[in-house]
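These figures come from a predicted structure and were not determined experimentally.
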Amino acid sequence: MSGNAKLRLVVIIGSTRRGRFGPTVAEWFTGRAGRRGDLEVDVVDLAVTRLPEVLTDVDEELPVSVRELGFRLAAADAFVVVTPEYNHSFPAPLKTALDWFYEEWAAKPVAFVAYGRESGGLHAVSQLRLVFAELNATAIRAAVTLPDYYWDLFAADGSWPKPSAACHTMVKTMLDQLTWWACALREARARQPYFGSEN
């Protein structure tokens, strides 16, 4: 595998709620990621994929939507999860999406773009770090957090986020760290498959 090949970044929109802010955040983030020459971005919107809520048993065939998403996740070199904070945690459809898969996450880096009120989504991120650790993924330290996003980050002309918003600086740091880990882990997986403990 060439070290110069673009990194495949899967961006997951974790909220499926009506009137959600997630697609707006994801559009901004993917626009910033798209400016880099080392990333190929694939956006997964859980409101569109509509994964089943009931997981199959080990000897049952996977639903088509699960199989199709599994191919996209398996091809990824890195993940970014765009999530709101609901009741100090992250949305249930996002947990369902994580639970449908296992090997697809292993030995790959994941970063977070979170939004919420005063915490900026940090409570959701802290819980996601625990889940991804169990899935043998590497959650990087840098994250983008958006506190009080509805009223503080809009510019006077209605655009979002305003040029002075701190998230513009945060996203560069996060992407720099994410791509470093993505390159390092891609090279490691190419040398030797990752052998994690079974779920």
What pair of heavy atoms forms the shortest contact from V10 to A76, and how long is it?
CG2-CB, 3.5 Å
Among side-chain atoms of T83 and Y115, is any donor-acceptor pair under 3.5 angstrom?
no
If you define the side chain from C-beta out and look only at heavy atoms, does anything of F90 sit under 4.5 Å from F112?
no
Calculate, to the nearest 0.5 Å, the distance between atoms CD and OG1 belonging to E85 and T145 respectively.
10.5 Å
Which pairs would a plain distance check flag for residues 50-61, meaning a side-chain donor or acceptor within less than 3.5 Å of a matching protein atom at least two apart in sequence or in another chain?
unit_1	atom_1	unit_2	atom_2	d
R50	NE	A47	O	3.4
E60	OE1	D57	N	2.6
E61	OE2	R67	NH1	3.3

Any heavy-atom pair between the side chains of I12 and V80 that's under 4.5 Å?
no
V113-V43 co-clustered via ILVMFWY side chain contacts under 4.5 Å:
yes
Nearest 0.5 Å, please: how far is SG in C167 from CE in M170?
6.5 Å
Within a strict 4.5 Å, meaning less than it, do heavy atoms of the L146 and W160 side chains meet?
yes
Heavy-atom check, side chain of P91 versus side chain of P84, under 4.5 Å
yes
Is there a side-chain contact between R20 and D45, using heavy atoms and a 4.5 Å cut-off?
yes
Non-neighbouring partners of T96 that pass side chain to side chain donor-acceptor pair (under 3.5 Å), sequence neighbours left out:
none
Residues at least two apart in sequence or cross-chain that pass salt bridge (charged side-chain N to carboxylate O under 4.0 Å, His left out) with K95, listed by chain then number, are D99
Linking I/L/V/M/F/W/Y whenever their side-chain heavy atoms sit closer than 4.5 Å, directly or via other members, would V144 and W181 fall into one cluster?
yes
How would you list, by chain and number, every residue that makes a side chain to side chain contact (heavy atoms under 4.5 Å, CB included) with A78, sequence neighbours excluded?
L9, P109, L178, A182
Heavy atoms only: give me the nearest T49-S65 pair and the separation to one decimal.
O-CB, 3.8 Å
Say you draw a straight line from NZ of K6 to CG of D77; how long is it, rounded to the nearest 0.5 Å?
13.0 Å
Does any N or O in the side chain of K108 come within less than 3.5 Å of the main-chain N or O of R186, such that one atom is a donor and the other an acceptor?
no
L135 reachable from V66 in the ILVMFWY side-chain graph, under 4.5 Å edges
yes
As a quick check of understanding, evaluate side chain to side chain contact (heavy atoms under 4.5 Å, CB included) for V44 and I13, giving each step before the final call.
CA-CA 6 Å; V44 171; I13 302 175; over 6 Å; no
Looking at residues at least two apart in the chain, or sitting in another chain, which of them share a side chain to side chain donor-acceptor pair (under 3.5 Å) with S159?
D157
Give the minimum heavy-atom separation between V41 and A33, together with the two atoms involved.
CG2-CB, 4.1 Å
Counting C-beta onward and ignoring hydrogens, is there a side-chain heavy-atom pair between S89 and Q127 closer than 4.5 Å?
yes
Above 12 or not: heavy atoms from other molecules or residues under 6.0 Å from CZ of R8?
no
Would you mind listing every ring-ring contact (aromatic ring centres under 6.0 Å, His included) that reaches into residues 36-55, with sequence neighbours excluded?
none
By side chain to side chain contact (heavy atoms under 4.5 Å, CB included), which residues pair with H168, not counting sequence neighbours?
W28, R32, P161, A165
Name all pairs fulfilling the side-chain hydrogen bond (donor to acceptor under 3.5 Å, both in side chains) condition that reach into residues 34-43, sequence neighbours left out, sorted by first residue then second.
R36-D38, R36-D176, R36-T179, D42-R72
Suppose we screen for side chain to side chain contact (heavy atoms under 4.5 Å, CB included). Which residues come up paired with A107, at least two apart in sequence or across chains?
R189, Y194
Applying side chain to side chain contact (heavy atoms under 4.5 Å, CB included), run through I140 and W180 and close with a yes or a no.
CA-CA 10 Å; I140 68 166; W180 187 94; over 6 Å; no
Output all residues satisfying side chain to side chain contact (heavy atoms under 4.5 Å, CB included) with A142, sequence neighbours left out; order by chain, then residue number.
T173, M174, Q177
Report yes if some heavy atom in the side chain of L39 is under 4.5 Å from a heavy atom in the side chain of L175; otherwise report no.
yes
Decide whether V131 and Y86 are clustered together by the hydrophobic rule: side chain heavy atoms of Ile, Leu, Val, Met, Phe, Trp, Tyr closer than 4.5 Å, transitively.
no
Less than 4.5 Å apart, any side-chain heavy atom of W100 and any of L62?
yes
Residues in side chain to side chain donor-acceptor pair (under 3.5 Å) with T16, at least two apart?
none
Qualifying ring-ring contact (aromatic ring centres under 6.0 Å, His included) pairs with a residue from residues 30-85, counting only residues at least two apart or across chains:
F79-W105
I need the minimum non-hydrogen distance between V110 and A137, along with the two atoms involved.
CG1-CB, 4.4 Å
